[in-house]
Amino acid sequence: MLGLKFVSENLELIKEKLALRKMKVDLGAFFAMVEERKALLQESESLKYEKNQASAKIAKLPPNQRSQSPLIADMRKVSEKIKGLDARLSDVDADLKDVLMTLPNLPHSSVPAGDGEQDNVVVRTWGEKPEFGFTPKQHFELGEELGILDFERGAKITGARFTLQCGLGARMERALINLMLDVHTTEHGYTEVLPPFIVNDTTMTGTGQLPKFEDDLFKLEGLNYYLIPTAEVPVTNIYAGEILPAEELPKYFAAYTPCFRKEAGSYGKDVRGLIRQHQFNKVELVKFCAQEDSYDELEKLLRNAETILQMLGIHYRVVNLCTADLGFSAAKTYDIEVWLPGQNAYREISSCSNFEDFQARRANIRCKGKGDNKTRLVHTINGSGLAVGRTLVAILENFQLEDGSVIIPDVLRKYTGGVEKIALT
RNA sequence: GGAGGGAUGGCCGAGUGGCUUAAGGCGGCGGUCUUGAAAACCGUUGGGCGAAAGUUCCGUGGGUUCAAAUCCUACUCCCUCCGCCA
């Protein structure tokens with residue numbers, strides 16, 4: 001959410017910045033509401049002052065004179081008036097908030113302007129595309145042949161976009177989760193957390209999933225509870241409504257959770273394989289930091305996520321998402337795209353974003369101390385470190401051999417019980 | 001699922017209609033004293049809006065009243081006991 005004051009004082013800037021996101025907004029009515037709000041607030045407050053003064057006088061009267069005091073009759077009217085003004089005020093406030101809640105974040109100046117995916121800018125690449133003396137297979141062929149991915153039974157148990165992982169298919173998933181958590185907690189300074197996988201609507205609103213994107217979420221019937229689409233939601237909300245001592249910033253958290261997404265509107269996309277599932281595992285990195293540090297912290301978090309792919313030895317590139325491709329809450333996002341030889345394409349495996357104070361304002365996360373001792377909003381940053389299912393996909397496709405077996409990267413072997421290769425037995 | 005109890009400032013805790021725009025204590029910060037520290041003493045110490053005056057906030061939302069932390073009501077969360085249970 002953008003601040004009421006900021007929006008009302010920078011209508012032109014907002015229009016400009018949101019046009020970069022291919023959004024047209026009409027803020028004429030907004031401005032009128034801001035003016036009305038101001039007037040209502042002033043009148044209500046001056047009447048309240050009057051009322052408070054009169055109340056003090058009434059309190060000083062001897063009890064037997066109170067009921068006849070003309071002040072009481074006067075104040076009855078004043079109170080009625082205040083009630084009316086405050087009711088109107090809370091309507092206006094609610095309308096203003098509705099508008100603010102549906103405005104996306106403004107792109108940072110370092111975000112390239114663009115119309116879509118093709119305008120994202122490659123920032124760097126790491127490693128090289130592997131050479132094969134044969135035509136590399138896609139991960140779902142490999143996985144089915146090796147008996148580690150069972151798409152048919154997954155669909156039988158639940159439905160489309162659900163998968164049963166077996167044997168080393170399950171173990172590899174667990175190994176990757178452990179590797180990622182171990183690296184981020186012991187080498188990158190993150191604190192491990194295991195949050196609830198179900199959250200309430202306030203929490204969903206705090207990070208920006210609600211009210212706009214309810215269609216993407218699984219909601220529990222008859223309850224205000226939702227399955228989380230990413231650990232970002234519960235973890236960012238750890239400090240919702242709190243004021244943190246500034247000296248404690250930055251705070252780093254790493255969390256493994258399953259993620260649940262409806263994938264509405266993606267019909268026909270990535271229908272085969274693990275790429276797009278309704279349920280998938282992810283290790284997420286979340287940071288809370290002072291406003292002036294957030295862009296440095298974003299770069300560091302991105303490097304932390306890249307480390308995992310470097311350890312696994314898989315080629316990838318980093319792209320700076322253009323204005324049209326930015327998510328609703330983000331001011332800037334880097335995607336890490338991993339090379340998939342079977343698909344002959346780069347695919348997103350991590351998305352690292354700076355939300356600046358957009359989520360902090362919604363969730364009311366502030367800090368205080370240091371320097372002027374003022375209370376101010378923190379900045380929040382997060383990124384996948386990494387999407388686990390897609391990492392498994394990358395391993396299968398990058399390390400496959402001609403006979404259909406797959407070499408397990410060295411760094412994972414201590415988590416696979418020493419097993420070095422996934423092969424037909 | 002049944003029965004009961006509770007929610008007040010960073011923490012503890014007083015407060016059942018009107019100088020409570022919340023007593024007192026602890027903790028924090030500043031000071032006096034001290035070679036230094038401790039103790040003692042003095043002062044200070046929440047958030048939102050506002051340039052300020054001021055206004056608002058005692059779990060949340062409604063209500064009663066000239067006036068609500070205090071009364072009514074619905075809800076949320078926590079605790080205790082019983083039952084069931086990984």
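Letters A, B, ... mirror the listed sequences (proteins, then strands); counts begin at 1.
Across B/A68 and B/A22, the matching C1' atoms stand 13 Å from one another, rounded to whole Å. Distance noted for atom C1' between B/U21 and B/G48: 15 Å (whole Å). Between B/G24 and B/C72, the distance separating the two P atoms is 29 Å to the nearest Å. Rounded to a whole angstrom, the distance from the P atom of B/C12 to that of B/G63 is 32 Å. Between B/G46 and B/A53, the distance separating the two P atoms is 16 Å to the nearest Å. As rounded to the nearest Å, B/G6 and B/A14 have P atoms that lie 12 Å from one another. Comparing the P positions of B/C33 and B/A38 gives a spacing of 15 Å, expressed to the nearest Å. Look at the C1' atom in both B/U76 and B/C29: the space between them is 36 Å, to the nearest Å.
Across all strands shown, B/C41 forms a Watson-Crick or G-U wobble pair, both distances under 3.5 Å, with B/G31. Across every strand in view, B/G18 sits in a pair with B/C66 that passes the Watson-Crick or G-U test at under 3.5 angstrom. B/C26 is paired with B/G10 under the Watson-Crick or G-U wobble criterion, all donor-acceptor distances under 3.5 Å. Using the Watson-Crick or G-U wobble rule with both distances under 3.5 Å, B/G61 pairs with B/U73. The pairing partner recorded for B/G4 is B/C79, the criterion being a Watson-Crick or G-U wobble arrangement whose two distances lie under 3.5 angstrom. With a 3.5 Å ceiling on both atom-pair distances, B/C85 lacks any Watson-Crick or G-U wobble partner.
Comparing A/K368 and A/Q42 by the nucleotide of RNA chain B whose heavy atom lies nearest to each, the residue mapping closer to the 5' end is A/K368. Along RNA chain B, the nucleotide closest to A/I243 and the one closest to A/A54 are compared, and the more 5′ of them pairs with A/A54.
One finds a side-chain N or O of A/R366 lying less than 4.0 angstrom from the OP1 or OP2 phosphate oxygen of B/G48. OP1 and OP2 of B/C49 both lie 4.0 Å or more from every side-chain N or O belonging to A/K38.
Take A/Y225 and apply the ring-ring contact (aromatic ring centres under 6.0 Å, His included) test, not counting sequence neighbours, and it matches no residue. Remark: A/E12 engages A/K15 in a salt bridge (charged side-chain N to carboxylate O under 4.0 Å, His left out) (not counting sequence neighbours). Qualifying side chain to side chain donor-acceptor pair (under 3.5 Å) partners for A/N364, counting only residues two or more places apart in sequence or in other chains: A/R366. In terms of the side chain to side chain donor-acceptor pair (under 3.5 Å) criterion, residue partners of A/S110 (sequence neighbours excluded) are, by chain and number, A/H108, A/K332. Remark: A/Y316 pairs with A/W126 by the ring-ring contact (aromatic ring centres under 6.0 Å, His included) rule, at least two apart or across chains.
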Can you give one letter per nucleotide of nucleotides 54-68 of chain B, 5' to 3': B if a protein heavy atom sits under 4.0 Å from the base, S if only from the sugar-phosphate, - if neither? BSS-------S-BS-
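Although no hydrogens or angles enter the test, the distance criterion places a donor-acceptor pair under 3.5 Å between the side chain of A/R361 and the main chain of A/M1.
Per the geometry, CG belonging to A/L89 stands 18 Å off P belonging to B/G48, to the nearest Å. Between the P atom of B/C77 and the CG atom of A/L223 lies a distance of 11 Å, rounded to the nearest Å. One interatomic measurement links the two molecules: CG of A/N224 to C1' of B/C75, which rounds to 12 Å at whole-angstrom precision. At whole-Å resolution of the value, CD in A/E43 and C1' in B/C49 are 17 Å apart. The separation between A/R376 atom CZ and B/G47 atom P is 13 Å, rounded to whole Å. Atom C1' of nucleotide B/G47 and atom CG of A/N364 are separated by 9 Å, given to the nearest angstrom. Note: CG (A/L377) to P (B/G47) measures 14 Å, nearest angstrom. Whole-Å rounding puts the A/L41 CG to B/A51 P distance at 12 Å.
Using a 4.0 Å cut-off between charged side-chain N and carboxylate O, A/R37 and A/D93 make a salt bridge. Using a 4.0 Å cut-off between charged side-chain N and carboxylate O, A/E36 and A/R88 make a salt bridge.
Tested against A/E144 for a salt bridge (charged side-chain N to carboxylate O under 4.0 Å, His left out), the candidates A/K137, A/R272, A/R153 yield a single pass: A/R272.
A/K57 comes within 4.0 angstrom of no nucleic acid atom, judged by non-hydrogen atoms across all strands.
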